There are 4 protein chains.
Amino acid sequence: MQSRTPAPRAGRPRSAAADAAILAATRQALVELGWSKLTLSDVATRAGVAKTTLYRRWAGKNELVVDAVAELFDELELTDHGSLAADIEGVVLQFAAILARPEARSGLMAVLAESTRDDALRERIRESIVDRQKRLVLQGRARAQRRGELPAQADPAEAARTVDLIFDVVAGAVVHRTLVSAEPVDPDWVRGFTQVLLHGLSAAEAP
Amino acid sequence: MQSRTPAPRAGRPRSAAADAAILAATRQALVELGWSKLTLSDVATRAGVAKTTLYRRWAGKNELVVDAVAELFDELELTDHGSLAADIEGVVLQFAAILARPEARSGLMAVLAESTRDDALRERIRESIVDRQKRLVLQGRARAQRRGELPAQADPAEAARTVDLIFDVVAGAVVHRTLVSAEPVDPDWVRGFTQVLLHGLSAAEAP
Amino acid sequence: MQSRTPAPRAGRPRSAAADAAILAATRQALVELGWSKLTLSDVATRAGVAKTTLYRRWAGKNELVVDAVAELFDELELTDHGSLAADIEGVVLQFAAILARPEARSGLMAVLAESTRDDALRERIRESIVDRQKRLVLQGRARAQRRGELPAQADPAEAARTVDLIFDVVAGAVVHRTLVSAEPVDPDWVRGFTQVLLHGLSAAEAP
Amino acid sequence: MQSRTPAPRAGRPRSAAADAAILAATRQALVELGWSKLTLSDVATRAGVAKTTLYRRWAGKNELVVDAVAELFDELELTDHGSLAADIEGVVLQFAAILARPEARSGLMAVLAESTRDDALRERIRESIVDRQKRLVLQGRARAQRRGELPAQADPAEAARTVDLIFDVVAGAVVHRTLVSAEPVDPDWVRGFTQVLLHGLSAAEAP
DNA sequence: CATTAAACGAGACGGTACGTCGAGTCTTGCG
DNA sequence: CGCAAGACTCGACGTACCGTCTCGTTTAATG
């Protein structure tokens with residue numbers, strides 16, 4: 001495969017530093033102001049960049065925030081704790097820690113809200129954020145199967161459907177706990193959640 | 001408890017019809033425009049009401065939309081289908097049907113996003129929407145215990161914690177599936193989800 | 001004929017004070033900044049008024065400046081100095097004094113420049129500034145005819161044409177001297193100009 | 001007088017063709033867009049030249065337009081029609097014909113407007129446009145004196161003052177008629193104007 | 001039944017951010 | 001070094017919506 005060099009066109013090239021500065025400034029502004037009071041003028045000022053430069057690279061607030069927030073989730077990883085339950089607990093705690101950061105809370109929910117009426121935006125979110133993190137589920141299952149904690153799945157379509165289901169359950173529960181119920185995702189809760197996820201309600205209610 | 005009648009002061013009383021018209025207009029505007037392009041002037045015009053009248057009753061866009069959206073969720077009910085699994089499947093489908101309506105998608109996520117930086121708003125959402133629907137979980141558990149599908153829980157604190165957990169898991173998964181993954185909540189998915197919820201991952205992956 | 005009361009429409013009436021403040025602020029800004037560096041935001045700020053208010057009343061910079069400048073020329077009057085020559089000299093000096101003010105120089109020429117490509121603007125200038133001042137020529141001629149310095153004119157069409165001609169000559173010469181040649185309109189020049197106007201070149205060159 | 005060759009320094013010399021192309025493009029843009037909507041980027045594109053090249057040669061819009069417009073007036077000449085009156089009528093018609101061209105109207109007035117607050121620009125206009133055309137007045141007077149239509153003038157200072165006065169009267173009247181009154185400079189008007197100029201108002205009103 | 005005080009419609013108001021555009025400068029690579 | 005291309009900073013543009021205000025006009029309970 002060839003290098004990614006994007007065809008060195010004529011004229012002055014775009015400043016690479018500007019991109020990083022803008023995304024950082026966006027996150028900072030999200031922390032201080034939240035989504036709705038964040039203005040692109042302000043972001044430009046913080047980044048030491050003209051508003052025009054910003055609009056040359058992103059179509060608007062939504063696209064910019066998606067990119068700024070997406071980077072936050074790339075630090076997630078599935079540390080090996082020896083058992084499936086422990087692995088899940090570990091990654092759920094990491095995920096909750098990210099969602100506890102104001103730039104993530106504020107930014108993520110807002111772009112999700114916008115995406116309900118903007119298909120292009122939804123696709124962008126899916127590519128940049130959602131699908132990138134499904135790797136964690138795949139990794140977790142593979143590891144659990146290697147350990148013999150889960151059986152192998154024959155049907156690949158069924159397997160894919162299960163990955164999606166688990167992702168929705170895990171991500172949904174943590175997001176709901178954090179942003180809707182606004183309760184802390186503490187080790188107790190994580191333990192309870194993992195129990196339900198692995199063994200179901202009936203088991204969970206009768207330990 | 002006192003009557004709700006708010007001390008019939010002198011002067012012309014507020015029009016009761018206006019409230020209903022405004023909330024309906026808000027939902028209609030959410031459908032057509034979505035949260036971010038909805039303007040209070042527009043809502044006022046649609047409702048055949050002056051902007052002043054609107055601001056006399058709600059503090060702003062957020063409060064108005066919370067009230068407009070909250071009504072949508074009151075139609076949820078836990079029909080008795082004979083078994084816990086069937087009851088869950090029924091209510092999940094109902095919930096998904098509401099979330100499929102654009103006024104709910106757009107409005108709900110937006111106010112949740114705003115609530116990440118506005119505690120009063122979060123409290124209002126919790127009162128108007130979230131806590132009102134926990135009744136469904138309570139009802140479902142009571143019915144399942146009557147049927148002998150679930151054991152009684154001795155510790156009331158533990159019982160409350162379980163209700164919250166289940167609510168986060170169910171609501172979170174459906175919301176995530178609908179609004180983030182943007183995949184349909186069809187009977188297949190609901191069956192799979194209910195299996196995981198009742199019997200856990202291990203069971204679900206090897207039926 | 002009825003009063004000018006402009007049909008008291010519904011809603012809050014426009015502030016009368018705002019108009020005056022805006023026009024005064026416009027003249028002040030013309031003095032300090034000149035036409036090309038004058039911004040409507042700045043005018044609004046000076047007038048203690050929101051930009052919206054300004055745009056609600058004038059379509060743009062051009063229209064605003066026409067109105068602001070037009071008022072300056074309303075102070076012109078044809079004082080009776082006893083002879084046609086003296087009357088002309090008097091009004092020419094007055095006119096030159098107005099053109100010496102920076103708000104008049106800068107504003108007038110700029111809107112004239114714009115009017116070369118904007119017929120509506122040209123018409124507005126003609127109504128607000130040019131035609132209003134033709135009264136001076138009419139007045140001067142009437143007075144001179146009363147004194148016997150000029151013969152009466154029988155043909156009204158011819159008379160109108162002469163008024164236009166004289167206006168173009170007088171206004172044109174003073175404007176050109178002031179703004180193009182950028183030389184002072186002092187009493188000497190005025191005397192010479194009046195001689196040419198009344199008695200022609202041949203006489204002027206051989207006194 | 002030294003050669004105009006500007007010291008052939010090292011490096012690639014400036015393209016001579018570019019200058020002409022830029023000035024032509026400027027005039028074309030003035031015709032199509034007028035002063036205020038003319039942009040230097042657009043001029044550069046029309047001339048097939050980079051913006052840099054343009055700024056290397058002119059300081060800005062004003063200077064560029066002065067040069068582009070000045071060339072237009074160089075085609076004026078005082079054809080000998082046999083009498084002073086006829087000569088004046090001829091040159092006035094020529095002048096009016098130039099002012100009827102949109103690039104002249106729009107460009108000339110705009111730079112004059114700018115020059116009210118920019119002394120360097122005014123000086124440049126005077127050199128490039130105004131003073132260059134005073135030759136016509138000098139020429140006309142010399143010819144008339146040769147013919148015996150005008151007496152010789154002894155005092156050179158007085159003579160200079162008269163040239164300026166006549167120039168202001170002629171140029172001023174034509175410009176005012178064309179751009180302010182926005183009436184055509186037709187042969188009738190020119191005849192009337194020449195009568196006033198040569199014989200004065202009193203004569204003109206009683207032919 | 002007249003009074004009266006608040007609610008009402010209309011729309012102007014001071015603000016603030018928007019997204020675009022032009023001016024003039026700077027930074028590439030090519031000739 | 002000149003030049004084309006085009007990204008850069010800066011600042012004004014004209015628009016839109018917010019939430020407040022000031023009008024003149026209902027409208028129901030009270031006196």
Side-chain angles (χ1 to χ4, degrees), chain A residues 8-16 18 36-45 47-61, chain B residues 8-15 18 36-45 47-61, chain C residues 8-18 36-45 47-61, chain D residues 8-15 18 36-45 47-62:
Chain A
R9 289 172 305 140
R12 177 176 174 176
R14 291 196 177 165
S15 156
S36 60
K37 294 190 179 168
L38 175 154
T39 74
L40 295 201
S41 293
D42 181 66
V43 169
T45 305
V49 141
K51 227 189 339 171
T52 343
T53 299
L54 212 150
Y55 278 105
R56 212 175 281 119
R57 295 158 193 232
W58 286 276
K61 211 167 155 173
Chain B
R9 288 174 304 147
R12 180 175 171 179
R14 291 197 178 161
S15 155
S36 60
K37 294 189 179 169
L38 174 153
T39 73
L40 294 202
S41 294
D42 181 64
V43 169
T45 305
V49 139
K51 241 193 323 174
T52 335
T53 301
L54 210 152
Y55 277 105
R56 218 173 273 122
R57 294 163 153 86
W58 285 276
K61 210 166 154 172
Chain C
R9 289 173 307 140
R12 179 174 171 177
R14 291 198 176 165
S15 156
S36 59
K37 294 190 180 169
L38 174 154
T39 73
L40 295 201
S41 293
D42 181 66
V43 169
T45 305
V49 139
K51 226 185 347 165
T52 337
T53 299
L54 213 151
Y55 278 104
R56 211 174 282 121
R57 296 159 193 232
W58 286 276
K61 211 166 154 172
Chain D
R9 288 174 303 147
R12 178 171 169 182
R14 290 193 178 166
S15 156
S36 59
K37 295 189 180 171
L38 174 154
T39 73
L40 294 202
S41 294
D42 181 64
V43 169
T45 306
V49 139
K51 243 196 315 177
T52 335
T53 303
L54 210 151
Y55 277 104
R56 219 174 274 122
R57 293 163 155 87
W58 285 276
K61 209 167 157 172
N62 293 330

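Order of the sequence lines fixes the chain letters, A, B, ..., with proteins taken first and strands second; residue numbering starts at 1 for each chain. All values reported here derive from a predicted model rather than from experimental measurement. Heavy-atom basis, side chains included; hydrogens, waters and symmetry copies ignored.
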Undergrad: Produce a footprint string for nucleotides 13-19 of chain E: one letter per nucleotide, 5' end first; B if the base is under 4.0 Å from any protein heavy atom, S if only the sugar-phosphate is, - if neither.
TA: BBB-BSB
Undergrad: Taking only residues two or more places apart in sequence or in another chain, which ones pass salt bridge (Lys or Arg N to Asp or Glu O under 4.0 Å) with Arg57(C)?
TA: Asp19(C)
Undergrad: Which residues pass the side chain to side chain donor-acceptor pair (under 3.5 Å) test with Asn62(D), not counting sequence neighbours?
TA: none
Undergrad: Check Leu40(C) against Gly60(C) and note the closest heavy-atom contact, atom names and distance.
TA: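 Heavy-atom minimum between the residues: CD1-C, 4.2 Å.
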Undergrad: What closest approach, in Å, do Ala44(A) and Ala50(A) show between heavy atoms, and which atom pair accounts for it?
TA: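 So the minimum-distance heavy-atom pair works out to CB-C, 4.0 Å.
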Undergrad: Mind calculating the distance between CG (Asn62(D)) and C1' (dA23(E)) to the nearest angstrom?
TA: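 Taking atom C1' of dA23(E) as the reference, CG of Asn62(D) is at 12 Å.
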Undergrad: From Lys61(B) NZ over to Thr39(B) OG1, what is the distance, rounded to the nearest 0.5 angstrom?
TA: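 Reported value, rounded in 0.5 Å steps: 7.5 Å.
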Undergrad: Take atom CG of Leu54(B) and atom P of dA7(E), then tell me their distance rounded to the nearest Å.
TA: 15 Å
